[in-house]
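Before any comments, here is the structure.
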2 protein chains.
Amino acid sequence: MATIKDIARMANVSITTVSRVINKKTDGVSDETRERILKVMKDLNYQPNRIARGLVTKRTNTLGLILPDIANPFFPEIARGVEDTANIYGYNVILCNTDDRPDKEELYINVLREKCVDGVIFTSGINPVSEHIKQLMDCKMPFVLLDRYMDIDCLPGVYSDGYDGMYQVTRYLLEMGHRNIAFIAGPVHSTTAKHRYDGFKAAVGECGFSVDDALVEEGNYKISGGKEAMTRLIGKGKSFTAVVCANDLMAVGAMEVLRENGYRIPEDISITGFDDIQLSGLIEPKLTTVAQPCYEMGAMATRMLIKLIEGQAMDEREIKLKPKLVIRNSVKRVD
Amino acid sequence: MATIKDIARMANVSITTVSRVINKKTDGVSDETRERILKVMKDLNYQPNRIARGLVTKRTNTLGLILPDIANPFFPEIARGVEDTANIYGYNVILCNTDDRPDKEELYINVLREKCVDGVIFTSGINPVSEHIKQLMDCKMPFVLLDRYMDIDCLPGVYSDGYDGMYQVTRYLLEMGHRNIAFIAGPVHSTTAKHRYDGFKAAVGECGFSVDDALVEEGNYKISGGKEAMTRLIGKGKSFTAVVCANDLMAVGAMEVLRENGYRIPEDISITGFDDIQLSGLIEPKLTTVAQPCYEMGAMATRMLIKLIEGQAMDEREIKLKPKLVIRNSVKRVD
DNA sequence: TTGTAAGCGTTATCAG
DNA sequence: CTGATAACGCTTACAA
């Protein structure tokens, strides 16, 4: 491949001058010389080597996106929002799947550091991840937290308000007359799971009822977890008219088990989800859920990260988006 | 951040010696010196700068993954297969969404070149993309084609046999007694769409029937395309008992329109898809479709690419995987 | 076993 | 408007 030296030689100028035109420095080069250099560059199909440039500028124009699993339908939209936005500002994105495993998180943080990415967007399901966050802070790597809230102060991040979303959907269920409501929670160690559960409890409590602990089961935010939790719930033999699930995927799993056990949805049992992944509007009955603006979250986090990297002023370090109740057909009024 | 120089100075050795231990050269360093260097590296939390290394070794240990849209449910599994495999061999993956736009494909190919990725996995919906492939070949960038077949000879690639898959599912429909079968095709310019359509025609023809052109509509491989195509199909007023869709997403869209128009599936109309995305096993009725081993395709393509990069021998340059018919509940026998 | 020095392809500083 | 030259952090002959 041609290098800046080749161009310089062939255009009869110094590499400095070539560098000037590569970097579109408006002044310092005569139009004539510029044209000549541009032509040589074109003829040789020259591409400046960003690795070499990065070595001196300390910028790679590359971001790291650390998330649990791109195959989980919650994340592709986010990733798309991140990549699109990064692209607009001239950055690329390295994708990292951690499966929520601390060892993989650490591994990726290390190689992203070694590769000198300019910043990292971090979505972790585990808490405390303070170790890894500290790692990032120690090496002064700009980063933005996404979706999964950390119990540390003032870290830049974009979240959606799980408490509020769950409060809304639970209120809705209550207004529809439901009193015996089961809850399929997310993993105990996940902060989002905690926020959502708190929102559920708050709504129930506010209406003068209390949560029946026997009707609360933990899941893993996946379809399998929803199935297992629902199986346990049914096994207990306690009656309930509705199930609130901490995310859509578990709701889908729960629905399947419910149906296998002869329950009709929503005639016999109402169900709600959380996230509003694409799937939820496609299954039958269409799932009533809480929408998180995934694409927008990815985009906002990226914009925030780039501001951080480029040292621009930020309006706010912590953006909390209000999720929206999406009413479809999985909830029936009871009297 | 600490550099190799800092380590050398603090350990009282030359940078060459430090480099030796970084690169785990077994001989050439006494155990004692090695220990000393290792300790200093640990104390300073040293991470070798891969940018600098890449500049001299001409290797970045980074791959580019170019695909139309990670938010399309067909791709996350592939991406996961790619990333996992890359990770195993010590590579990272830069994600690029092109929306099948030639300008974005070109843009990404250029920046991936500038960033000196070691190789590229390319999934393009457009044909001919020969221009971009040529670009890749011109700069001697190792690449592997994934899923979308190119009409160029001998390019390394991993495909699934769309012809065969569509042939299988169409035969199945024929055996179930269907004679008036509509077809919702993929975009005309897509080679996979062509292969699938050919498989459909072959199966129909082989049974002594012919394809009614009026029952063939083109879609865009998305839900919206399935809806539109089905709307047009219904508008024509010609009768059919089954619809074969070139992918699952369009089948989902078609099902929705069918239902809106009062048709029951599969009682009134049978329908089939292609891809077997997760969604297909979750909707009601569960969709009969053709499974492509997405994760495995991503993994194989990556292994192939890495062999190419590392100059290892390859068993075959072109891997064609047989897709598998997945029979579920969206097809009814007619007599 | 260890070190010196050249070089990877750029940008940046300074001088002309 | 243009060019020498030193850096950037590392690997790699080649020498000692």
Side-chain angles (χ1 to χ4, degrees), chain A residues 1-38 40-41 44-62 90 110-118 139, chain B residues 1-38 40-41 44-62 90 110-118 139:
Chain A
M1 285 297 86
T3 76
I4 197 173
K5 277 183 197 164
D6 301 320
I7 308 296
R9 186 158 22 83
M10 304 210 55
N12 266 310
V13 290
S14 72
I15 58 173
T16 310
T17 307
V18 178
S19 179
R20 284 195 183 97
V21 352
I22 290 173
N23 294 290
K24 306 196 199 312
K25 303 251 190 269
T26 41
D27 45 75
V29 184
S30 73
D31 284 354
E32 190 221 349
T33 332
R34 167 176 291 105
E35 289 313 317
R36 186 155 33 96
I37 293 174
L38 250 17
V40 175
M41 293 196 332
L44 294 191
N45 189 14
Y46 167 75
Q47 307 276 145
N49 181 327
R50 301 235 193 181
I51 294 294
R53 176 193 305 203
L55 190 54
V56 14
T57 60
K58 266 95 177 68
R59 282 296 202 70
T60 53
N61 282 273
T62 305
N110 282 333
V111 346
L112 291 177
R113 268 185 65 188
E114 293 183 359
K115 294 205 171 170
C116 304
V117 299
D118 296 330
C139 59
Chain B
M1 283 297 85
T3 77
I4 199 172
K5 277 185 196 162
D6 301 320
I7 307 296
R9 187 159 20 83
M10 304 209 55
N12 265 312
V13 290
S14 72
I15 58 173
T16 310
T17 307
V18 178
S19 177
R20 285 195 183 97
V21 352
I22 291 173
N23 294 291
K24 307 197 197 316
K25 302 251 190 270
T26 41
D27 46 75
V29 184
S30 73
D31 284 354
E32 189 220 351
T33 331
R34 167 175 291 104
E35 289 313 318
R36 187 152 34 95
I37 293 174
L38 251 17
V40 176
M41 294 196 331
L44 293 192
N45 189 15
Y46 168 74
Q47 307 274 145
N49 181 328
R50 303 235 192 180
I51 294 294
R53 175 191 308 201
L55 191 54
V56 13
T57 60
K58 267 94 177 67
R59 281 297 202 71
T60 52
N61 282 272
T62 305
N110 281 334
V111 345
L112 291 176
R113 267 185 67 188
E114 292 184 0
K115 292 204 171 167
C116 304
V117 298
D118 296 330
C139 60

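Every chain is numbered from 1, with letters handed out A, B, ... down the list of sequences. What you see below is based on every heavy atom in this structure, not just the backbone, and it leaves out hydrogens, waters and symmetry mates.
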Rounding to an integer number of Å, can you tell me how far [X] [atom1] sits from [N] [atom2]?
{"X": "B:I15", "N": "C:dA5", "atom1": "CD1", "atom2": "P", "answer": "11 Å"}
{"X": "B:K115", "N": "C:dT10", "atom1": "NZ", "atom2": "P", "answer": "15 Å"}
{"X": "A:R34", "N": "D:dC1", "atom1": "CZ", "atom2": "P", "answer": "9 Å"}
{"X": "B:E32", "N": "C:dT2", "atom1": "CD", "atom2": "P", "answer": "8 Å"}
{"X": "B:L55", "N": "D:dC10", "atom1": "CG", "atom2": "P", "answer": "12 Å"}
{"X": "A:E114", "N": "D:dG9", "atom1": "CD", "atom2": "C1'", "answer": "13 Å"}
{"X": "B:N12", "N": "C:dT1", "atom1": "CG", "atom2": "C1'", "answer": "16 Å"}
{"X": "B:I22", "N": "D:dT11", "atom1": "CD1", "atom2": "C1'", "answer": "10 Å"}

Please list, by residue number, the residues of residues 1-9 of chain A whose heavy atoms come closer than 4.0 Å to an atom of DNA chain D; answer none if no residue qualifies.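 None - not one residue of the stretch has a heavy atom sitting under 4.0 Å from the strand.
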
Does [X] make a side-chain N or O approach to OP1 or OP2 of [N] shorter than 4.0 Å?
{"X": "B:R53", "N": "D:dT11", "result": "yes"}
{"X": "B:K58", "N": "C:dG9", "result": "yes"}
{"X": "B:Y46", "N": "D:dG9", "result": "no"}

For B:R20 and B:N23, find the nucleotide of DNA chain D closest to each by heavy atoms; which residue's nucleotide sits nearer the 5' end?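 Closer to the 5' end of DNA chain D: B:N23.
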
Across the strands shown, which category fits B:T17 at heavy-atom distances under 4.0 angstrom: base, sugar-phosphate, nothing?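 Counting heavy atoms under 4.0 Å across all strands, the contact made by B:T17 is with sugar-phosphate only.
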
What does A:T57 touch in the nucleic acid at a heavy-atom separation under 4.0 angstrom: a base, only the sugar-phosphate, or nothing?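 Since only primed, P, OP1 and OP2 atoms lie under 4.0 Å of A:T57, the category is sugar-phosphate.
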
State which of [options] makes the closest approach to the side chain of [X].
{"X": "B:T16", "options": "D:dC10, D:dT12, C:dT11", "result": "D:dT12"}
{"X": "B:V56", "options": "C:dT4, D:dT11, C:dT10", "result": "D:dT11"}
{"X": "B:V13", "options": "D:dT11, D:dT2, C:dG3", "result": "C:dG3"}

More than 12 heavy atoms from other groups under 6.0 Å of CG on A:N23: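 Yes, because the 6.0 Å sphere around CG of A:N23 holds more than 12 heavy atoms from other groups.
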
Run the side-chain contact (heavy atoms from CB on, under 4.5 Å) check on B:M1 and A:R113 step by step: do they pass? CA-CA 10 Å; B:M1 283 297 85; A:R113 268 185 65 188; 3.5 Å; yes

[X] side chain to [Y] backbone, donor-acceptor under 3.5 Å:
{"X": "B:R36", "Y": "B:A11", "answer": "yes"}
{"X": "A:T33", "Y": "A:V29", "answer": "no"}
{"X": "A:D6", "Y": "A:T3", "answer": "yes"}

What's the separation between atom CG in A:N45 and atom SG in B:C139, rounded to the nearest 0.5 Å?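 Interatomic distance, A:N45 CG to B:C139 SG, rounded to 0.5 Å: 7.5 Å.
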
Excluding sequence neighbours, so at least two apart, what forms side-chain hydrogen bond (donor to acceptor under 3.5 Å, both in side chains) with B:T16?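 Once residues adjacent in sequence are excluded, B:T16 has no partner under the side-chain hydrogen bond (donor to acceptor under 3.5 Å, both in side chains) criterion.
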
With no angle test and no hydrogens, is the base of D:dT12 tied to the side chain of B:S19 by a donor-acceptor pair under 3.5 Å?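 Counting by modelled atom types and ignoring angles, no donor-acceptor contact under 3.5 Å is found here.
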
Flag for B:T62-B:K115: side-chain donor and acceptor within less than 3.5 Å: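 Absent: no donor and acceptor within the cut-off.
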
